[in-house]
Amino acid sequence: MRIYNTLTRSVEELEPIEPGHVRLYTCGPTVYDYAHIGNFRAYVWEDLLRRTLKLLGFRVTQVMNITDIEDKIIKKMNDEGLTLDQATRPYIDAFFEDIETLRIERAEHYPRATDHIEEMLEITAALEKRGLTYESQGSLYFKIDAFEGYGRLSNLDNREVKSGARVDSDEYDKDDARDFVLWKGHREGEVSWPSPYGEGRPGWHLECSAMSMKYLGESFDLHTGGVDNIFPHHENEIAQSEGATGKPFVRYWMHAAHLMVDGEKMAKSKGNFYTLRDLLEKGHAPRAIRLLLLGTYYRGPLNFTFEGLAKATSEVQRLDDMVVRLEREPAGADGNDEDFDSRVAARVDEFKQALANDLNISSALGAVFGTVREVHQALDKGELPSGSRETLAGAMDVFHSVLDLAADTDAGLDAEIEALIEQRNEARKARNFAESDRIRDELTARGILLEDTPQGTVWKRKL
RNA sequence: GGCGGCGUGGCCAAGUGGUAAGGCAGAGGUCUGCAAAACCUUUAUUCACCGGUUCGACUCCGGUCGCCGCCUCCA
């Protein structure tokens, strides 16, 4: 498995600390609102990463944090008079519903920041002991000058950061504008926890250090997030973690580029802001949304358009149609078409190789659609013997172990719709095509598409 | 200004020293009562631009232009 490591700015072979076992930390949601499709681009990509690692034989232990204490949450509590739990629970629940909708595989751990205040304070204590902090007006800060190597991830050494040039937007007192807050002193009307520095709450970066190290160890393999997290979030995590333990924190960092909408940054003010729920309400299929978010190389921007979503819908439909065709054209012969089998085997290999090369999903999808074509060609020429169908089923299992785009098994048609199809076939037999077309149109309007094949009329649900 | 990423057909998008995958959309054909699906044919002498290295570059090097992101709490 080769991956692009932000830390070294090059593609490297992934070599976990414990051979064969990847410990993965993925930055998760801040639960003050519904996650938007840009967030899901990152989560779907992380799902691709996780599933690819497993396909390639790695065991994966993944942690995704839930940030349930943060400025925007506090604002929501105060604006709407809610408790912390009332403010965050609906969005935590929505998040889990949404990842299920998108078929994002569950991580092993979803720790919440507010459940790990103790672990965070252990880190600040360690940092204090090493002289990397200072207190000011009830808040604790990380002293960047005292930590050697700050800025490695984001190339900050080469930046022109002018100390003190920027007014501190948080209105907390810092010695140096670049220093960041570990623990925020209590302010009127804010939730707080006791600490050696007085009542207060954790700074944003601290939770990820505390929770990643608790579940994955002081040194672990892989940490991911959106590119916007490189600085300051991940840079500060490194400083806090390594400052506290004296050990290397994370070996590989991966970052996904942003999603854009119609070529522009998605923003509520531009009216191009979508949550997953918005798209579902417009009638778009979850699998199509998943494929759209999955289908672009993660290091490049993903331009979300409804045209692109329509394309993804067609592609999912093409995958479904192949399955339907195989069902209605049963194998008439035993044995194998060895030529077919070897071509499919080559596609599976191509699929794995592509993903192993820094998650080259476009190339991997090329292998999948190439397989679909092989199948149709084989069926057109004659039949596909049962042994080769098993070969194909195995290949599709490999593809879907990562893509997870197979149709749910359908419970079957309502009796009423079944009756309509029967009526239509009666009309067709009587060559009453006006009537048969009317019934077909009616079913189309209800989302049922019909196809008349040599094996009879088959139907499918419109995606 | 600094840092990072990206620029390939109508659109999305692989490839990467040896002559451009795949998908979507379009056109024509086969099949069909008509459709749909599927298959076949067809759409880049060309990979932002300009130089250089090379027998040969989209691919390496240098430069230019353009787009996007980050530069203190946005995935």
From the set A75(B), G23(B), A14(B), return the single nucleotide nearest to any side-chain atom of S363(A). A14(B)
Looking for any heavy atom pair under 4.0 Å, which part of the strands does K265(A) touch: base, sugar-phosphate only, or nothing? base
Using a 5.5 Å cut-off between ring centres and planes within 30 degrees, is F369(A) stacked on the base of G22(B)? no
Testing C39(B), G23(B), C74(B) for proximity to the side chain of E315(A), the answer is G23(B)
Are R431(A) and C34(B) close enough that a side-chain N or O sits under 4.0 Å from OP1 or OP2? no
Considering only atom C1', compute the distance from A14(B) to U54(B) and round it to an integer number of Å. 26 Å
F249(A) ring center within less than 6.0 Å of Y25(A) ring center: no
Lys/Arg cation over aromatic Y32(A): K76(A), 6.0 Å, 45° cone: no
Is Q317(A) close enough to C24(B) that one of its side-chain N or O atoms is under 4.0 Å from OP1 or OP2 there? no
Among A75(B), A37(B), G5(B), the nucleotide that comes nearest once only the side chain of R299(A) is considered: G5(B)
For H258(A) and G300(A), find the nucleotide of RNA chain B closest to each by heavy atoms; which residue's nucleotide sits nearer the 5' end? G300(A)
Quantified in whole Å, what is the C1' atom distance between nucleotide A38(B) and nucleotide G23(B)? 16 Å
So, under a plain 3.5 Å distance rule, would you say the side chain of R440(A) forms a donor-acceptor pair with the base of A35(B)? yes
Set out, in order, the CA-CA distance, both residues' side-chain angles and the distance that settles side-chain hydrogen bond (donor to acceptor under 3.5 Å, both in side chains) for E190(A) and H186(A), then state yes or no. CA-CA 7 Å; E190(A) 293 184 354; H186(A) 178 251; over 6 Å; no
Please list each protein N or O that sits under 3.5 Å from an N or O in nucleotides 25-32 of chain B, with the distance.
none

Below 4.0 angstrom from OP1 or OP2 of C74(B), is there any side-chain N or O of K72(A)? yes
If only side-chain N and O atoms of N360(A) are considered, is one of them under 4.0 Å from the OP1 or OP2 phosphate oxygen of G15(B)? yes
Does any donor atom in the side chain of W183(A) or T124(A) lie under 3.5 Å from an acceptor atom in the other side chain? no
C1'-based separation of G18(B) from U46(B) [nearest Å]: 16 Å
P232(A) has its side chain closest, among A75(B), G33(B), U72(B), to U72(B)
Measure from CG on L291(A) to C1' on C12(B) and round the result to the nearest Å. 11 Å
Taking donor-acceptor contacts at under 3.5 Å, does the side chain of D437(A) reach the base of G33(B)? yes
Counting side-chain heavy atoms from CB outward, which of A21(B), C68(B), A37(B) is closest to S362(A)? A21(B)
If you pin V227(A) and A256(A) to their nearest nucleotides in RNA chain B, which one's is more 5'? V227(A)
Testing A75(B), U72(B), A13(B) for proximity to the side chain of T296(A), the answer is A13(B)
Does R424(A) place a side-chain N or O at less than 4.0 Å from the phosphate oxygens OP1/OP2 of C34(B)? no
Any idea how W253(A) and H255(A) line up, ring-wise: parallel (<30°), tilted (30 to 60°), or perpendicular (>60°)? parallel
